[in-house]
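In what follows, a structure is listed as C-alpha cells, so that the remarks can point back to it.
Note that the numbering runs from 1 along the sequence shown for the chain. Since this is a predicted model, take the numbers as computed values, not measurements.
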Amino acid sequence: MKTHSQELKTGWSMKEHGPEETTGPWLAVNQVPSEVHLDLFANKKIPDPFLDTNELAVQWVGEKDWVYKTTFTTPQGSQEHGVTTALVFRGLDTFTTISLNGTTILTTENMHTTYRVDISTLLLPFTPEEETAEKSSAQNALGITFHSALLRGGELVDTHPEHTFHVRQTEAGRVPVRKAQYHWGWDWGPILMTAGPWRPIVLETFVARVEDVWVEYRLSGDVRTCEGEICAKVEGCTGQWVVFSLQPQGGGEDGEVVREKVRVESTDDSEGIATVKVPFTLHSPALWYPHGYGPQPRYILSAELLDSDDKPLDQRTKLIGFRRAALIQDPDAFGKSFFFRVNNIDIFAGGSCWIPPDSFLSRMTRERYSEWMKLLVESNQAMIRVWGGGIYEDDAFLEAADELGILVWHDFAFACASYPVFDAFLASVEVEVRQNLRRFRGHPSVVVWAGNNEDYQVQERYKLEYDPEDTDPESWRRSTFPARYIYEHLLPKWVSEEDPNVLYHPGSPWGDGKHTSDSTVGDIHQWNIWHGQMIPYQRAASLSGRFVSEFGMEAYPHLSTIHRFVTDPSQRHPGSMMMDFHNKAAGHARRLATYLSENFLVPADLASYTHATQILQAETMRYAYKSWRRMWGVPGARQCGGALVWQLNDAWPGVSWSIVDYYGVRKPAFYAIKRALTAVDVGVSREPSGDWTEGHVDPFEVLGGMGCLFDVWIASSRRERVEVQVVVRFISVASGEEVAEGITSRVIADANATTEVLADQRIKVCTAGDSPDNHDPFIIHAVLRSNDGRILATDTDWPQPLKYLDFSNRNIRVEVSPSGESITVSASRPVKGFVFEERERLTFSDNGFDLVPGEERVVTVRRESGHSEGFRWTYIGDERRGTQSC
C-alpha cells in the first residue's frame, strides 16, 4: 500500500485540566494547529490579549494545565501485515502527556522538536461495515495534556542548584525549558505563556516510507562543477528500490537531469532505517544567488520508494539550491574582516533582524510569511537574521527566502542567558538541533548558523569563567560558563555532521573570544545608540564594526495601528499609560525623550509626536546604513561587511524598534533603508561641528559657520563598473535659493565597492557677516544620475540639530493623479521628513523623504480596490502640528 497521511485538523475540543465541576466544560476548537489563548478568546473566555492592558488579564492562563482531545477513525488497511500507523506531532508547546485509548504513548518537553509514535498495536479494530456507522467502535480517543511551562521552569531551576541561571531578560525559569524564550516576555513583546499543538498533527499509515532526501555536494573553485551524493533515509523497505531524481525546476533542454535506481540492501539500526546514497555530477550547474546578484534557480530533488513489482510506496520531493557560501575572516588593516562571499562574490549584507512575527505562531500562514519576505526585496535588503529567542523558523519562511533570494542568518534557540549542561538538557538539545539542521539543509538561502544571541555578553556581565586559551571542552563544561561547551564544541560538531554546506559562528555577537564590543573582529551589537552611552545617531560612522548584526532606534507605529491597540480615545496621547504599556523597552520614556529633545521641537499631540519619532528612527537608519555601507570599501579592505537593523517586525501591536509594525504597516525608516541600500547609491556628509548634545552651543559653529568640509561617495552592489554623474547643490533652508555654486562630476563607480567622489571638500557660503544672525543654514544635496539622465539616488545632509532650523513657509504642493494611483510632491523650500500616513493595505513606493526645490517626487500608491479615503500627510515643522488630507 502507498503511504497515506491525514492531518488531524478538526474535531478537537479543549479545557483546563481537571474535573468539569471546577474547570468548566469542554470548549470547541476551530482547528489545529492552535494555542490555548486563541481557543479561549474564540470561546469568549478571555479578552483579546493584544488590546489595551488585556495582557495582564490573561496571565493566569500560563499557570494552568490544559487538555486537548479528539477522535479519529482507524485507517483502512492499517491492520494488515507489515503496515505501520504512526502519529506525528510536528510541534507541541511544550511539556505534554499524550494518551491514546487510555494508554500513555508519549511525554514531551521540547517545543522545537517533532515527535513520531508508532501506534499500530493500540488502534481499535476496524471493519468495513463500521465505516459508515454513526458511532464506530474504531473511533480512537487521542488526548494531550499540556503542563504549565511557567511552573515547570521554576521547578527545573530548583532541581539543578549546581547551575546559576543568569538571565538578562525576564526570569530564570525560562532557561532550562526548550520553549520559545520570548513567551516569557521581552523588551519588545508581552508575557504570553502559550501552550497547545502549535504545529500540525498527522496520522500516517505506511508499509515503507522516505524519511528524508537531501544532497551532500561540493562546488569546484570556479563554481562550474558540482559533485556529491544524493542521499535518502528510508524505513521498512529492505530489498526494495529507491529511485532518485534531480532536475532543474521548470525543466528546459539545457539542464542536466540525474536519475538513478538503487536497491536497499540493509538497514542501519534496529528501527529499520536505511541510508541510501548515489553519486552525481553536474556540469555548469544553475547556481542560486542573493537577489540583485543573480537568479535564484532551484532543483527538484526526489526519492521514490518502489516495491519489487515497481509499484510506488512513498515519495519525498523538495526544492533545493546549489551555492558556495564563505565567511571571510582575514587579517587586514582594520583587524580581521567579517563578510559573506556567495559564489565567489562579496556581499554587503544590509538587512534586518527577525523576531517571531506573532505571539501566537499557529496563526501564521504561508501568505503572511511570503508578504514579510517580499518586504525585504522591496527595500533592497540582502539578509535576514533570525534571532535566537524565538523558534526554528517555519518551512514557509525558508521557502520564501529561497524563492526571493534572501540570505538567512539563523541563531540557534538560545538567548540572553547562561544555559545549563545537565545530561537531560543536552540530550533534548541534540535532538532539537539535529532535526532542525536536517529540515533546513538544502535551502540555499540559509548561509550561517550562530550559536546564540548575546550569551557571551551574559558571560561578560556576570564575570563567568572564559579563557580563550583553554581548548579543553570538558573544562568548559565544568566552568561557571558551561554553555561554552554547547556553542564551541557540540553545535559546530552537529552542524558539520548534518549540513557541511552551511557556515557556523559561535554566537552573536562574537569575535574570536575577544570582548563582544571589540569592533575589530567578528560581529557586534551596536547599542550605544539608544542603549548604553546613548550616543547621537549622527555619529554612527564612528560606531561601526566589522559586521553590525544589531542596532536600532524606537519609533511609534502609524496612527492607524495605535488606534487599533488603544481602544480608549482618552489614552491616545504621548506618554499615556496605554502607550507606555505597549512599549516594553526599559527606560524607553527617558531614551526616546532624550533623542527627541536633542533633535526636534517636541510636539504634544499624538499625530505630530508619532511623526517626530518616526523621522528620528528614519534619520538613524539613514546615518547608519549610509556610513556603514560606505565602509564596504574595496576588495581587501572591507571595513564593514554588513548591517542588520533591530528589528524588521513585531510580535504584537506596540511601540518598538521595528521598521514595519505587527500589521505590516511600514514606518518611514523602512523607506530610509530602501534608499540607502539601492543598487547604486550616493551619500553626502559634512564634518560634524559643535557638541550641541551637551546643551551649551555656539549657534554659529553648530549651523556650519561660513562653510564646512564635506564628503560625497558612491556605494555600488553592481557586478560591473557603471558611469554616472554626480551633481551637488547647496541650498538655503530658509529661502530655497542656492548659496554657492554647485559641483558636477562625471564618475566611473567601481563594481561592488565604494567610490569616493569628493573628500574633505570645503564649501564657502556667502553671508552678510560673521554673525550667527546673518548666517543662512544650508543643505548639501547630492543627485546621482545615469548616462541617460535618470535619477538613480539622492541624499541630503542637513545642519544639525534640526530643531534649530526654521521650517515655516515651505510652500508644498501635493497633486494626486486622476486615477489616484500616483502622487506628485514638490516644494519651494527644503522639506524634512515628508510622510504619508500609512495603514494596513495602503502603502506607497516611497515615504519619509526630503523635498528639495527644483525636484518633484512622484510616489506610487498601492491600496485595496474600493478604498477611497484621502491621503493624510505631514512634515517636520508643519505649522498645523498635525496632518493634511488630499
Side-chain angles (χ1 to χ4, degrees), residues 35-37 49 55-56 58-66 91-96 108-113 146-196 198 355-356 358-361 386-393 411-422 424-429 431-433 436 450-459 461-462 464 481-483 486-487 507-508 584-586 651-652:
E35 286 149 294
V36 169
H37 293 80
E55 172 197 348
L56 302 177
V58 301
Q59 292 303 299
W60 64 273
V61 175
E63 301 172 1
K64 304 294 183 179
D65 295 348
W66 300 91
L92 298 171
D93 181 8
T94 294
F95 295 97
T96 72
T108 74
E109 58 180 15
N110 194 318
M111 177 181 177
H112 307 299
T113 298
F146 291 88
H147 308 286
S148 169
L150 180 69
L151 301 183
R152 188 68 64 89
E155 294 169 359
L156 284 169
V157 169
D158 293 340
T159 304
H160 293 278
E162 76 281 2
H163 181 75
T164 302
F165 292 86
H166 295 293
V167 291
R168 287 182 59 195
Q169 292 269 7
T170 67
E171 62 182 81
R174 71 173 171 84
V175 182
V177 178
R178 298 313 296 155
K179 173 178 173 61
Q181 304 285 269
Y182 81 107
H183 287 155
W184 275 263
W186 222 263
D187 57 5
W188 39 257
I191 300 172
L192 291 170
M193 289 296 295
T194 59
W198 74 286
I355 62 172
D358 205 309
S359 292
F360 307 114
L361 290 165
V386 181
W387 169 73
I391 61 169
Y392 296 90
E393 261 306 342
D411 293 351
F412 283 102
F414 304 93
C416 298
S418 176
Y419 285 86
V421 292
F422 56 85
F425 184 84
L426 292 185
S428 183
V429 166
V431 173
E432 157 198 321
V433 167
N436 284 288
N452 63 83
N453 172 81
E454 296 185 352
D455 289 2
Y456 285 95
Q457 291 186 346
V458 172
Q459 174 265 317
R461 177 176 180 175
Y462 294 100
L464 306 180
F481 182 52
I486 300 174
Y487 310 143
S508 183
K584 301 298 185 179
W652 81 322

* To do: Let me know which of Asp93, Leu361, Thr94 forms a side-chain contact (heavy atoms from CB on, under 4.5 Å) with Thr194.
  => Asp93

* **Side chain proximity check, Val421 to Ile486, heavy atoms < 4.5 angstrom** => yes

* Asked: Once you round to the nearest 0.5 Å, how far does OH of Tyr182 lie from CH2 of Trp652?
  -> 13.0 Å

* Please answer whether the main-chain N or O of Ile191 pairs with a side-chain N or O of Glu55 as donor and acceptor at a distance below 3.5 Å. => yes

* **Side chain Gln181, main chain Arg174, donor-acceptor under 3.5 Å** => yes

* Parallel, tilted or perpendicular for Tyr392 and Phe412, by the 30°/60° rule? -> perpendicular

* N/O donor-acceptor pair under 3.5 Å between Trp387 side chain and Ala415 backbone -> no

* To do: Verify whether one side chain among Tyr419 and Asp455 offers a donor that lies under 3.5 Å from an acceptor in the other.
  => no

* **ring pair (Phe, Tyr, Trp, His ring centres under 6.0 Å) partners of Phe360, counting only residues at least two apart** => His37, Phe50

* Hey, could you give me the CG/CZ distance between Asp65 and Phe146, rounded to the nearest 0.5 Å? => 11.0 Å

* Find the distance between CD (Glu109) and NE2 (His147) and round it off to the nearest 0.5 Å. => 11.5 Å

* Please answer whether the main-chain N or O of Ser418 pairs with a side-chain N or O of His163 as donor and acceptor at a distance below 3.5 Å. => yes

* Does Tyr462 use its side chain to pair, donor to acceptor, with the backbone of Val167 at less than 3.5 Å? -> yes

* Asked: Does Asn453 offer a backbone N or O that forms a donor-acceptor pair with the side chain of Ser508 under 3.5 Å?
  -> no

* Structure fact -> Taken to the nearest 0.5 Å, the spacing of Trp186 CH2 from Ser359 OG works out to 13.0 Å

* Pairs involving residues 155-167, ordered by first then second residue, that meet salt bridge (charged side-chain N to carboxylate O under 4.0 Å, His left out) (sequence neighbours left out) -> Arg152-Glu155

* Distance in Å, Arg178 CZ paired with Phe95 CZ, rounded so as to fall on 0.5 Å steps -> 10.5 Å

* Spell out, as yes or no, whether a donor-acceptor pair under 3.5 Å connects the side chain of Asp411 to the backbone of Gly388. => yes

* Spatial distance of atom CZ (Phe481) from atom CD (Gln459) [nearest 0.5 Å] -> 5.5 Å

* Taking the side chain from Asn436 and the backbone from His112, do they hold a donor-acceptor pair closer than 3.5 Å? -> yes

